[in-house]
Amino acid sequence: MTEIRTFPPNFIWGGATSAYQIEGSPLADGAGPSNWHRFSHLPGTILNGDHGDVACDHYRRYAEDVDLMRQMGLQAYRFSIAWSRIFPEGRGKPNPKGLDFYRRLLDNLNAAGIQPFVTLHHWDLPLALEELGGWANRDCAAWFGDYAQHVFHVLGDRVNHWMTLNEPWVIVHEGYVTANHPPAMRSLPQARLAAHNLLRGHAMAVQAFRADGNGQIGLVVNLEPKHAASEQPDDRTAMARMHAWMNRHFLDPVFLGHYPGELEEIYGTGLAPFPEDDFRLIREPIDFLGINYYSRGVVRHSPRALPFRVEHVRQHDARHTAMDWEVYPEGLKECLLWIKHRYGEIPLYITENGAAFDDPEPFEGRIMDTDRIDYLRGHLLAASAAMAEGVNLQGYFAWSLFDNFEWAFGYSKCFGLIHIDPAQQKRTLKESARVYQAVIQNRCVSIV
Ligand code: FCB
């Protein structure tokens with residue numbers, strides 16, 4: 001039986017990337033180093049010693065890349081601005097040449113009829129600010145607010161959709177708990193401060209936008225339904241704790257004005273409370289929420305697995321991507337419905353969704369990435385099923401347009417709809433890009 005789902009005419013179809021993952025030339029034209037630039041050059045941090053010095057060379061090849069987007073029929077492009085190109089020291093004197101790059105990119109997008117969706121911070125913090133304590137420093141929120149204000153002022157005439165932060169949970173979890181990302185600390189007290197200042201920074205940027213901005217502004221979070229490995233009370237409590245840690249950690253404060261109670265079990269009790277005013281700030285209303293969805297997490301109680309006392313339970317019978325993430329499209333629908341029920345009718349975008357697979361070698365110029373095509377179709381059907389149940393979903397962005405620098409995994413994990421051969425920087429549309437092109441053109445997805 002073939003299932004066909006049609007999307008509304010005003011649904012927005014896009015692709016997503018981020019600055020450090022694709023741009024290359026990280027220090028060009030007066031840019032300052034970012035925390036990721038330094039981190040990726042430290043020995044042993046990134047698989048195979050990879051770094052973002054060249055990446056997809058998008059800083060120099062952006063015009064060709066926009067042309068590929070146009071050929072694919074993309075209606076929107078989500079990318080991020082490298083804060084340290086605009087403010088090499090993170091604050092103080094702006095660098096007009098860094099800004100010019102984004103102006104040129106935006107002008108090219110505009111000429112191609114592609115709407116920009118711009119993220120202000122996708123993890124690459126100016127190194128000068130990291131050295132002052134980064135997000136764990138209370139002042140970082142205001143530094144971010146000032147940077148955002150400047151960007152709204154100088155690029156606001158070219159952009160209608162802004163996003164403050166990408167996945168604050170990952171910044172906190174990987175930066176301050178697992179130490180896989182900069183600043184590579186293992187400190188729950190610092191994690192708690194960083195999380196709180198990220199939220200304050202987000203809200204300050206939203207306030208700056210309300211004062212001097214046009215269009216819409218939102219926040220992007222990554223969500224993963226948490227399922228208990230059994231009905232045992234311990235496993236169910238473990239599941240609730242991880243759900244609070246990952247999914248409610250940032251959304252409860254933004255929409256409800258307080259942190260989930262479960263966080264006390266992780267951060268500890270008796271800590272100095274944050275000022276009440278902070279929570280009023282953090283509740284500053286936003287126009288939309290961006291959701292990044294990849295997989296689900298099945299968990300069980302495990303008293304020795306600190307700090308969460310939780311273990312991930314791999315679903316051996318399920319399909320997995322090259323990241324070893326379970327392919328679980330139903331979870332996307334679950335997340336979308338959960339948002340609607342818990343936080344209300346805020347307009348939603350899927351700002352990232354996609355999969356890394358070990359792609360087959362090109363054959364007669366074609367890369368038949370059928371696993372990625374199945375993943376894409378399955379998730380689009382799930383998104384459409386959520387819309388049929390009343391979710392106000394306004395658009396979908398595939399992660400990612402290009403094979404790129406996948407953080408601690410370097411170039412070993414390919415998420416792209418477009419293959420890039422690193423030696424020649426030659427771009428090749430994979431079969432998934434062609435399927436996506438047809439989906440966009442017909443506004444429908446089918447699965448046999
Ligand atoms: C998300 C990130 C994105 C990319 C994908 C695979 O968590 O936002 O940069 O790494 O995962």
Side-chain angles (χ1 to χ4, degrees), residues 2-9 11-17 21-22 56-58 61-79 108-109 111-117 293-294 319 321-323 327 329 332 349-384 395-404 406 411 413-422 424-448:
T2 308
E3 208 184 328
I4 298 182
R5 298 278 194 151
T6 307
F7 288 78
F11 193 80
I12 290 180
W13 298 97
T17 65
Q21 293 181 276
I22 66 160
C56 305
D57 201 19
H58 174 77
R61 295 172 195 258
Y62 66 92
E64 178 187 349
D65 290 342
V66 171
D67 202 49
L68 286 171
M69 296 176 211
R70 193 188 46 74
Q71 282 174 39
M72 281 174 64
L74 290 194
Q75 298 169 346
Y77 173 45
R78 171 174 180 244
F79 65 93
N108 274 253
L109 288 167
I114 298 171
Q115 294 183 49
F117 277 60
Y293 176 82
Y294 290 94
R319 293 176 65 193
T321 70
M323 301 293 284
V327 177
L332 175 57
Y349 289 90
I350 295 168
T351 34
E352 287 181 26
N353 174 241
F357 286 108
D358 297 326
D359 292 328
E361 288 297 313
F363 179 71
E364 293 180 353
R366 291 171 77 179
I367 300 171
M368 303 302 288
D369 56 338
T370 44
D371 289 332
R372 187 170 294 101
I373 294 170
D374 288 350
Y375 183 100
L376 191 73
R377 284 195 169 127
H379 287 76
L380 286 172
L381 287 179
S384 153
Y396 174 94
F397 291 78
W399 183 273
S400 177
L401 272 184
F402 309 108
D403 290 342
N404 62 39
E406 179 47 37
Y411 298 96
K413 304 291 178 203
C414 298
F415 278 87
L417 302 183
I418 299 174
H419 168 79
I420 299 192
D421 125 61
Q424 318 287 331
Q425 286 290 337
K426 183 172 168 316
R427 277 86 165 121
T428 308
L429 265 58
K430 299 180 194 177
E431 217 51 27
S432 55
R434 302 192 188 281
V435 167
Y436 194 43
Q437 180 178 32
V439 167
I440 299 173
Q441 202 166 25
N442 302 323
R443 282 190 296 104
C444 82
V445 61
S446 62
I447 214 161
V448 186

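Sequential numbering from 1 along the given sequence is applied to the chain's residues.
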Tell me whether the rings of Y375 and F357 are parallel (<30°), tilted (30 to 60°) or perpendicular (>60°). perpendicular

Rounded to the nearest 0.5 angstrom, the CG-CD1 distance for L401 and I22 is 8.0 Å

Shortest non-hydrogen contact from T351 to A16? O-CB, 3.6 Å

Any side-chain to backbone donor/acceptor pair from N108 onto A63? Under 3.5 Å, distance only. no

Enter the distance from E431:CD to I367:CD1 here, rounded to the nearest 0.5 Å. 9.5 Å

CE-CZ distance between M72 and R434, expressed to the nearest 0.5 angstrom: 9.5 Å

Verify the distance criterion only: is there a donor paired with an acceptor across the side chains of Q441 and R443 at less than 3.5 Å? no

Rounded to the nearest 0.5 Å, how far does OH of Y77 lie from CE of M69? 4.0 Å

Give me the atom names and distance for the closest heavy-atom approach of Q75 to F11. OE1-O, 3.2 Å

Report yes if the side chains of L429 and L417 come closer than 4.5 Å at any heavy-atom pair, otherwise no. no

Identify the heavy atoms of I440 and W13 that sit nearest to each other, and give their distance. CG1-CB, 3.7 Å

Gap separating the SG atom of C444 from the CG atom of L380, nearest 0.5 angstrom: 10.5 Å

Qualifying residues under ring-ring contact (aromatic ring centres under 6.0 Å, His included), relative to Y411, sequence neighbours excluded: F405

Provide the closest heavy-atom pair for C56 versus N404 in the form atom of the first, atom of the second, distance. SG-CB, 3.9 Å

Can you tell me if S446 uses its side chain to pair, donor with acceptor, with the backbone of E3 under 3.5 Å? no

Does the plane of the ring in H379 sit parallel, tilted or perpendicular to the ring in Y293? Use 30° and 60° as the thresholds. tilted

Out of W399, Y294, Y396, which one pairs with N353 under the side-chain hydrogen bond (donor to acceptor under 3.5 Å, both in side chains) rule? Y396

Closest non-hydrogen contact found for D359 with D369 is OD1-CB, 3.6 Å

Check for a donor-acceptor pair, side chain of K413 on one end and backbone N or O of A322 on the other, with a separation under 3.5 Å. yes

Just wondering, more than 12 heavy atoms not from R366 lying within 6.0 Å of its CZ? no

Residue list, salt bridge (charged side-chain N to carboxylate O under 4.0 Å, His left out) with D67, at least two apart or on another chain: R70

Apply salt bridge (charged side-chain N to carboxylate O under 4.0 Å, His left out) to D57 and list each qualifying residue two or more places apart in sequence or on a separate chain. R60, R61

If you look at every heavy atom in G378 and P329, which pair is closest and at what distance? O-CB, 3.6 Å

Do the non-hydrogen side-chain atoms of R372 and V435 ever get within less than 4.5 Å of each other? no

Indicate yes or no for a side-chain donor-acceptor contact from Q437 to the backbone of Q71 under 3.5 Å, with no hydrogens or angles considered. yes

